[in-house]
Student: 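The structure under discussion is supplied below as structure tokens; questions concerning it will follow.
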Amino acid sequence: ENDIATEIFRSEGFLLGSSTINNGVLPSMSALMESIKGLKFTDKKVGAFGSYGWNGKSLDIINQGLDEMQLERISDGVKTMWNLDDEDHEKCKEFGREFANSLFVELL
């Protein structure tokens, strides 16, 4: 967790993702989000992604956490069912491109 926080500190932005489990996020993601929130990072671009089988609440939970951290969310994120099809793969690739482009624009 400390290593991840160090890398986030050094970064221009970061993505958080989790499967939905028991109508929430993975316990490790929940702990990481609390740690990041406590560090009060600023000027970071962020995004979220999630996977699900029955409901996709993890994406909403992560987005809510990112909003509470008052970081610049680049989109509403992407969520897919566990078994990705070609359309899901393309959605994920586009999400990654969108996030990378948002960082690149800042560097110009």
Side-chain angles (χ1 to χ4, degrees):
E1 196 173 302
N2 287 336
D3 291 341
I4 295 170
T6 299
E7 291 302 319
I8 289 172
F9 174 76
R10 294 178 181 161
S11 72
E12 295 291 322
F14 60 94
L15 299 172
L16 296 178
S18 177
S19 302
T20 300
I21 184 166
N22 296 328
N23 294 316
V25 296
L26 294 166
S28 56
M29 180 54 60
S30 183
L32 177 61
M33 288 174 60
E34 282 300 314
S35 178
I36 294 168
K37 187 177 180 181
L39 293 170
K40 299 182 191 263
F41 289 118
T42 59
D43 299 325
K44 303 282 184 197
K45 295 198 179 207
V46 295
F49 59 94
S51 64
Y52 64 98
W54 295 275
N55 71 49
K57 289 187 178 182
S58 64
L59 181 62
D60 295 335
I61 292 167
I62 294 170
N63 278 334
Q64 180 181 354
L66 292 172
D67 290 345
E68 289 171 4
M69 293 175 211
Q70 298 180 336
L71 297 169
E72 183 182 346
R73 200 159 38 99
I74 57 111
S75 76
D76 289 333
V78 65
K79 64 181 172 182
T80 63
M81 291 197 73
W82 288 327
N83 295 322
L84 295 143
D85 59 20
D86 290 340
E87 185 178 327
D88 290 328
H89 277 256
E90 195 52 46
K91 280 191 333 189
C92 292
K93 288 179 191 176
E94 182 56 34
F95 173 69
R97 283 190 287 270
E98 180 183 357
F99 185 75
N101 286 337
S102 76
L103 297 177
F104 183 70
V105 168
E106 282 293 313
L107 299 175
L108 294 177

Student: Is a donor from one side chain sitting under 3.5 angstrom from an acceptor on the other, for Ser19 and Ser51?
Tutor: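 On atom types as modelled, these side chains qualify, holding a pair under 3.5 Å.
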Student: Identify the heavy atoms of Leu84 and Cys92 that sit nearest to each other, and give their distance.
Tutor: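 Where Leu84 meets Cys92 most closely, the heavy atoms are CD2-SG, 4.3 Å.
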Student: Find the distance between CG (Leu66) and NZ (Lys45) and round it off to the nearest 0.5 Å.
Tutor: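 The CG atom of Leu66 sits 14.5 Å away from the NZ atom of Lys45.
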Student: Short question: side chain of Ser102, backbone of Phe99 - any donor-acceptor pair under 3.5 Å?
Tutor: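 Side chain of Ser102 to backbone of Phe99: a pair is present.
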Student: Quick check for you: to the nearest 0.5 Å, what is the distance between Ile8 atom CD1 and Leu16 atom CG?
Tutor: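 If I round to the nearest 0.5 Å, the distance is 6.5 Å.
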Student: How many angstroms lie between atom CD1 of Ile21 and atom CE of Met29, to the nearest 0.5 angstrom?
Tutor: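 Reported value, rounded in 0.5 Å steps: 13.0 Å.
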Student: Is the side chain of Ser18 donor-acceptor paired with the backbone N or O of Ser58 at a distance under 3.5 Å, no angle test?
Tutor: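 Pair absent, no side-chain N/O of Ser18 close to backbone of Ser58.
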Student: Got a salt bridge between Asp60 and Lys57, using NZ or NE/NH1/NH2 to carboxylate O under 4.0 Å?
Tutor: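 Here Asp60 does not pair with Lys57 in a salt bridge, since their nearest N and O are not under 4.0 Å apart.
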Student: Does one hydrophobic cluster hold both Val25 and Phe14, with members joined at side-chain heavy-atom distances below 4.5 Å?
Tutor: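 Cluster IDs for Val25 and Phe14 match.
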Student: Find out if a path of hydrophobic residues (ILVMFWY) with successive side-chain heavy-atom gaps under 4.5 Å connects Met33 to Phe41.
Tutor: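 Shared cluster, yes.
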Student: Looking only at heavy atoms, what is the nearest atom pair of Phe95 and Gly77, with distance?
Tutor: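 Closest heavy-atom pair between Phe95 and Gly77: CE1-CA, 3.7 Å.
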Student: What distance separates Ile74 CD1 from Leu103 CG, expressed to the nearest 0.5 Å?
Tutor: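 The CG atom of Leu103 is 8.0 Å from CD1 of Ile74, to the nearest 0.5 Å.
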Student: Is there a path from Leu39 to Val46 through hydrophobic residues (I, L, V, M, F, W, Y) whose side chains come within less than 4.5 Å of each other?
Tutor: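 Yes, it is one cluster - the side chains of Leu39 and Val46 are joined through contacts under 4.5 Å.
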Student: Hydrophobic clusters here meaning ILVMFWY residues chained together by side-chain heavy-atom distances under 4.5 Å, can you tell me if Tyr52 and Phe49 are in one?
Tutor: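 Hydrophobic grouping puts Tyr52 apart from Phe49.
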Student: Are more than 12 heavy atoms from other residues, nucleotides or ligands located less than 6.0 Å from atom CD of Glu87?
Tutor: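 For Glu87, atom CD is not crowded (no more than 12 foreign heavy atoms under 6.0 Å).
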Student: Calculate, to the nearest 0.5 Å, the distance between atoms CG and CG belonging to Asp88 and Asn83 respectively.
Tutor: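 Here the interatomic distance stands at 9.5 Å.
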Student: Looking only at non-hydrogen atoms, find the nearest pair between Ala48 and Ile62 and report the distance.
Tutor: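 Residues Ala48 and Ile62, closest heavy atoms: CB-CG2, 3.4 Å.
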Student: Heavy-atom count check: over 12 atoms from other residues, nucleotides or ligands less than 6.0 Å from Gln70 CD?
Tutor: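 Result for CD/Gln70: open.
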Student: Do NZ/NE/NH1/NH2 and the carboxylate oxygens of Lys91 and Glu94 come within less than 4.0 Å?
Tutor: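 Answer for the salt bridge query: no.
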Student: What pairs with Asn23 under side chain to side chain donor-acceptor pair (under 3.5 Å), at least two apart in sequence or on another chain?
Tutor: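 Here the qualifying residues are Asn55.
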Student: Got a sec: does the CG of Asn22 have more than 12 other heavy atoms crowding it under 6.0 Å?
Tutor: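 No - once you tally the heavy atoms of other residues, nucleotides and ligands closer than 6.0 Å, there are 12 at most.
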Student: Could you tell me the separation between the CG atom of Leu71 and the CD1 atom of Ile36, rounded to the nearest 0.5 Å?
Tutor: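 Taking CG in Leu71 and CD1 in Ile36, the distance rounds to 8.5 Å.
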